[in-house]
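Here the structure is laid out as structure tokens; the discussion comes afterwards.
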6 protein chains.
Amino acid sequence: MKLPILRVEPADIPDYALVCGDPFRAEKIAGKLEDARELAFAREYRTFVGKYNGARLAVVSHGVGSPGAAVCFEELARAGVRTVIRVGTAGSLTPEYPAGSLIVSTAAVREEGLTKQLVPPGFPAVADSAVTEALYREAVALGGGPVGKGITATFDAFFTGVVDLPHDAYAKAGVLAVEMEIAALYVIASLRGMRAGAIVALDGDADTVDEAYDPHRNIVAEAVEREIEAALRAIASLAAADAAAE
Amino acid sequence: MKLPILRVEPADIPDYALVCGDPFRAEKIAGKLEDARELAFAREYRTFVGKYNGARLAVVSHGVGSPGAAVCFEELARAGVRTVIRVGTAGSLTPEYPAGSLIVSTAAVREEGLTKQLVPPGFPAVADSAVTEALYREAVALGGGPVGKGITATFDAFFTGVVDLPHDAYAKAGVLAVEMEIAALYVIASLRGMRAGAIVALDGDADTVDEAYDPHRNIVAEAVEREIEAALRAIASLAAADAAAE
Amino acid sequence: MKLPILRVEPADIPDYALVCGDPFRAEKIAGKLEDARELAFAREYRTFVGKYNGARLAVVSHGVGSPGAAVCFEELARAGVRTVIRVGTAGSLTPEYPAGSLIVSTAAVREEGLTKQLVPPGFPAVADSAVTEALYREAVALGGGPVGKGITATFDAFFTGVVDLPHDAYAKAGVLAVEMEIAALYVIASLRGMRAGAIVALDGDADTVDEAYDPHRNIVAEAVEREIEAALRAIASLAAADAAAE
Amino acid sequence: MKLPILRVEPADIPDYALVCGDPFRAEKIAGKLEDARELAFAREYRTFVGKYNGARLAVVSHGVGSPGAAVCFEELARAGVRTVIRVGTAGSLTPEYPAGSLIVSTAAVREEGLTKQLVPPGFPAVADSAVTEALYREAVALGGGPVGKGITATFDAFFTGVVDLPHDAYAKAGVLAVEMEIAALYVIASLRGMRAGAIVALDGDADTVDEAYDPHRNIVAEAVEREIEAALRAIASLAAADAAAE
Amino acid sequence: MKLPILRVEPADIPDYALVCGDPFRAEKIAGKLEDARELAFAREYRTFVGKYNGARLAVVSHGVGSPGAAVCFEELARAGVRTVIRVGTAGSLTPEYPAGSLIVSTAAVREEGLTKQLVPPGFPAVADSAVTEALYREAVALGGGPVGKGITATFDAFFTGVVDLPHDAYAKAGVLAVEMEIAALYVIASLRGMRAGAIVALDGDADTVDEAYDPHRNIVAEAVEREIEAALRAIASLAAADAAAE
Amino acid sequence: MKLPILRVEPADIPDYALVCGDPFRAEKIAGKLEDARELAFAREYRTFVGKYNGARLAVVSHGVGSPGAAVCFEELARAGVRTVIRVGTAGSLTPEYPAGSLIVSTAAVREEGLTKQLVPPGFPAVADSAVTEALYREAVALGGGPVGKGITATFDAFFTGVVDLPHDAYAKAGVLAVEMEIAALYVIASLRGMRAGAIVALDGDADTVDEAYDPHRNIVAEAVEREIEAALRAIASLAAADAAAE
């Protein structure tokens, strides 16, 4: 039976998955695979499979925000995926890493509502260290811009309302970047026995979103290219290591 | 300048909007309009404009979950939309309204994280009564199945984790249905000066989602058809009343 | 058996009730009824019955604050009341509606403790739209001062302590007025199957209460007269519509 | 200028006050004073002054529930009251103290919303020990039934909704009784520099309120008589000690 | 069987205990007893027994912080201790009581995590009034510096992070001092049927801890001497009163 | 100037520290070092320095519970420590890892109050991956019993009160063990720029603590020996890698 939301057969999904928010970015990433094939495009969830450096993987879009992305992550887990890497964009919380930098997320602040409905509030949203190390190593090896490694924050609100978001407190606590889905990925991965990691390209200062947000600049586009490359290489390297370990 | 996420020119967006989660459902709804035209398909946000019974409106998909849908609602507000109606599917909390029923949502339980980052927790997520009355009147007039009117609940989690969701408490409190975006719509509409309403087609019992969820059944498809019809007629009737009032 | 707190026989209570905080205001309101009769004056709960424009109704005082008022609303529900309208005074949160204005409350911010012990925190405190429309129509028809319609906030604290009340955030979110019982009324009405609405006369700026609060000014007294008149007419009109619908 | 809600001149209020919920009970208590005089009956707030065993005191009713009672306590503080004792009724949490027992409250569980808007949640609602000791000594000396001393709990909800009240947890933690205003009294007394204490007559099991609540039984009435007597004597004894200390 | 953490035989523990944070201070206090004997020094828990003015008591160190101190208090309760007094140091929240003053704690703000895992958040952390009165009387009788009586606050954080501690709000609410274990003592005493009290020597302004904290000044050392003397005398006096009452 | 609580000169503290709860265990660990020297024993904080396989390190006891341990961790950071490893004991949450197993903690559930006063609640308490990998590798290499790697939980309450601890929810979420200080260590390390890791020896089922807790069994003692050995080797290996990287 097909997965009810992704509309793909579980058996068609490999053990490794690369996920991103945008269905059209998923298509671009799939363009880098050998034998790429689109399995479904249902709601915002677009699923491709193919090979990269010998590793079979799925490329799947999860849409914007943790609740919708969670549906994707849960169905991937049910389909048997064991390793997931998210690539995405994020706002910067520190001048040390300006737009165009890459950040490998070691753990995520849970400033979203989805994970509160899955686990008690004290539970850590934490990446798998082997995935993190592979992502960081590949991103650094690629060069082309600053690469950081550290804690990122996942929020639900992109535009602000009448209450302040605690960006300052998190910046003071050393959090590097703000985005909208990583905490969901890490908590679901912990619950369902998957290894997860994430790398984000910074598209500007997290606190100027309301005014002059432009995620379509050149420097951001290039960083996105680099993170995709790093993520694909990380999956290939993890798959090779897994195969060697068997 | 184009809206940064929807990628449409604000000036191209009419005062009325019909929103739904699924970009492919948006396409089907647009098929019911005269002079329908697709403006953009960016991420999960697909935007059409056209006319229905003399009223110009946009049909826009907002994706799954409140944080992603909020981006859509906020940009529609910035584009000048003054009346928004959401059509969608929801799980039933009461045997009185089984799968295939329609529910017009008068207000929404805020069991999601997005609105907590916009307004303090006590703020009510409430529909506009004129929109609600128009939706209810049109849905009842269409016939074809039960139509309820009352409070619905918006949750972030679709699949459950290790903590229980308070479905039972809300069912005892008279909440009729559970879905994932209405609270975001109502709170943002209050903040940005829009009138909002929502109608949902019930696709089964809210508590059996994890086991045998199938939103693709015939009875649900027919209810979705009816709610789309009711929503389009409601918009036409509200637009006519607004025009008469000027 | 008499209701344990109100000390009246349930059978003596009609389907419609007008409630206000002050037992002496209840007496004045009862003076506007035909065949008015005082049933009880127990604690702060004073109960009258009578007729207005053909409709039989009770006029009952509920005292100051949600916990005490809740006792009144719950016993009225047990006595079979199906429609309740509260008239009261409130502090203004916006210069658009100064002292002497009337506000019809469509929904209430739950900044009080009582409803947290009845329903989970996300539950909306929302008026019945038919009652709201009747109140608004009658208040506008009466003229004599500005009439607003929108969200009001219910707080527990009248005088402030050492923590700030979030009046500013709610004002920015478009909340029109602050008082002490409407959220309790709306939540209990939802739980017990009653229709409820509320209209309040503004008696000054919500944030100057600690300094120069004077709810006994002329302009306020006149607004209270108008809201009582509007509420009585709304009940008569709702009762007539209900009778016609049977 | 008169106190805005109690409608009495501050100068007419003595340093000692006995407060109770019910304006008609206040009248009965005033009947036990020499030179009793009614100053005002505004809303649920009825104010008497008189003398008992040489001590001048006010007897004031505060109505049902913490938010309304807080208005009374705050205005008494502004009028210069330095010592307040509350007499009231409460539900029992332990078979050790059945209906008809008296409990002197040493501190109160803050299960109400009012004090959360005055002080941070960790602040203790605690009686003055001299007042507590005087109340306990006088109540024991009067005889006629069991007298306990310990922690009581203040709740906002009298009738229950769809969420459970944590009566069991508090009973296990040794809390003796449940009522609706003491936490407000103790916190406000701490903030405004008053000494406060409270004694309650148990009127039945706290958990049978919804079914067969009857606070009008003989055994309860007798306990109320005893607590009033004990409270008056405690005030007289405290006033005598204060006078001696000057 | 020995207590698992304190590593002493329950039978060796008398009914009265004096507790302090520091195992080396416990040793100094034991030096003031007749027939002092060290029973154990396990982790930070050092236990002595001896006599003071005819009363047999234990002197036990509980370490820094509520969670660790709670282990000590719980095992003392299991060993049969019925009366516990804590002596310690605290930061001042008011210029009225500068460094070198003594404060007898009547109740404690629960700004620590330990008691939240024992009792619901509204539960008051309150001293026994007989213990409090004995401590206050003895401290005042000793002279040598200011002695206050009132509410103290128990926090978990000694050094601050990126969020502000609500010292100001508590200072405005009249809280006199800040330390790290009293709330744990009072809540556990309530749960386990012990009488508890506490006296603290102020070692400086609570808000300068991060900069120039020096708890080793002369004026503080003298105040600590006085509070130990007062606590020992209070225990002796309570024990004498208990013996007389039997 | 000496550190105010640890009472040691910052200059005497090396870059690497091994911390444990018990001052007497710290002494035993110091016995395994070359040139071991005791710097101070102040309160529960006992500090040794020495060498292990060429690496200079401090061995410091932090006492029981996060608030007290935090004081130690903060002062170590101020003294310039850059790498900290905690060894300790913990209760098991899964039959997969019974008493005598070792768990390397990758991240910690924040069920304690201390970190809530340092950072907002969503912040993750996460280990440094290099430290974690070194600890895991050394522990596995030592053999002698099961070695797990995963999330642990930090609680404040050792003995339970009247509210249930959410052990079951965390066990279902895959948490391996329960102890009392790791979350404090990880959060403070993130705030102060230290690398941190932790390894714990399981001393029994986390839920039988109240009944038959015995942390002094042979199998536990042997596991503690192994974790100390693993931690010392991990520090030596990290120090060697750091030296090589310079």
Side-chain angles (χ1 to χ4, degrees), chain B residues 66 104-137 149-156 164-176 178 182-183 186-195 197, chain C residues 66 104-137 149-156 164-176 178 182-183 186-195 197:
Chain B
S66 290
V104 176
S105 166
T106 56
V109 170
R110 288 174 56 196
E111 278 280 346
E112 36 62 59
L114 180 272
T115 64
K116 293 192 184 75
Q117 297 189 328
L118 301 184
V119 290
F123 194 84
V126 58
D128 177 80
S129 63
V131 177
T132 298
E133 289 313 308
L135 273 172
Y136 186 67
R137 192 178 56 238
K149 187 170 66 166
I151 296 171
T152 58
T154 303
F155 279 76
D156 277 339
D164 291 332
L165 301 180
H167 284 181
D168 279 2
Y170 287 119
K172 271 188 220 156
V175 175
L176 300 177
V178 175
I182 294 176
Y186 289 175
V187 167
I188 290 169
S190 279
L191 287 179
R192 310 303 177 204
M194 300 191 291
R195 303 190 293 189
Chain C
S66 291
V104 176
S105 166
T106 55
V109 170
R110 288 174 56 196
E111 278 280 347
E112 36 63 57
L114 181 271
T115 64
K116 293 192 183 75
Q117 297 188 327
L118 300 183
V119 289
F123 194 84
V126 57
D128 178 80
S129 63
V131 176
T132 297
E133 290 312 310
L135 272 173
Y136 186 67
R137 192 176 56 237
K149 187 170 67 167
I151 296 172
T152 57
T154 303
F155 279 76
D156 276 340
D164 292 331
L165 300 181
H167 284 180
D168 279 2
Y170 287 119
K172 273 189 219 155
V175 174
L176 300 177
V178 176
I182 294 177
Y186 289 175
V187 167
I188 291 168
S190 278
L191 288 178
R192 310 303 177 205
M194 300 191 290
R195 303 189 294 190

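Chain naming here is simple, since letters A, B, ... match the order of the sequence lines and numbering starts at 1 in each.
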message: Just so I understand: if I count every heavy-atom pair under 4.5 Å between each of P120(B), A130(B), A108(B) and chain C, which residue has the most?
response: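 Highest number of heavy-atom pairs under 4.5 Å: P120(B).
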- prompt: What part of E133(C) gets closer than 4.5 Å to chain B, counting heavy atoms only: side chain, backbone, both or neither?
  reply: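 Just its side chain gets close to chain B.
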query: Where does V175(C) contact chain B at under 4.5 Å (heavy atoms): side chain, backbone, both or neither?
result: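 Only the side chain of V175(C) comes within 4.5 Å of chain B.
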With a 4.5 angstrom heavy-atom cut-off, is it the side chain or the backbone of [X] that approaches chain C, or both, or neither?
| X | result |
| --- | --- |
| A107(B) | both |
| Y170(B) | side chain |
| A173(B) | both |

field: Test side chain to side chain contact (heavy atoms under 4.5 Å, CB included) applied to P124(B) and V126(C), T152(C), I151(C), the passing residue
entry: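 Single pass found, and it is I151(C).
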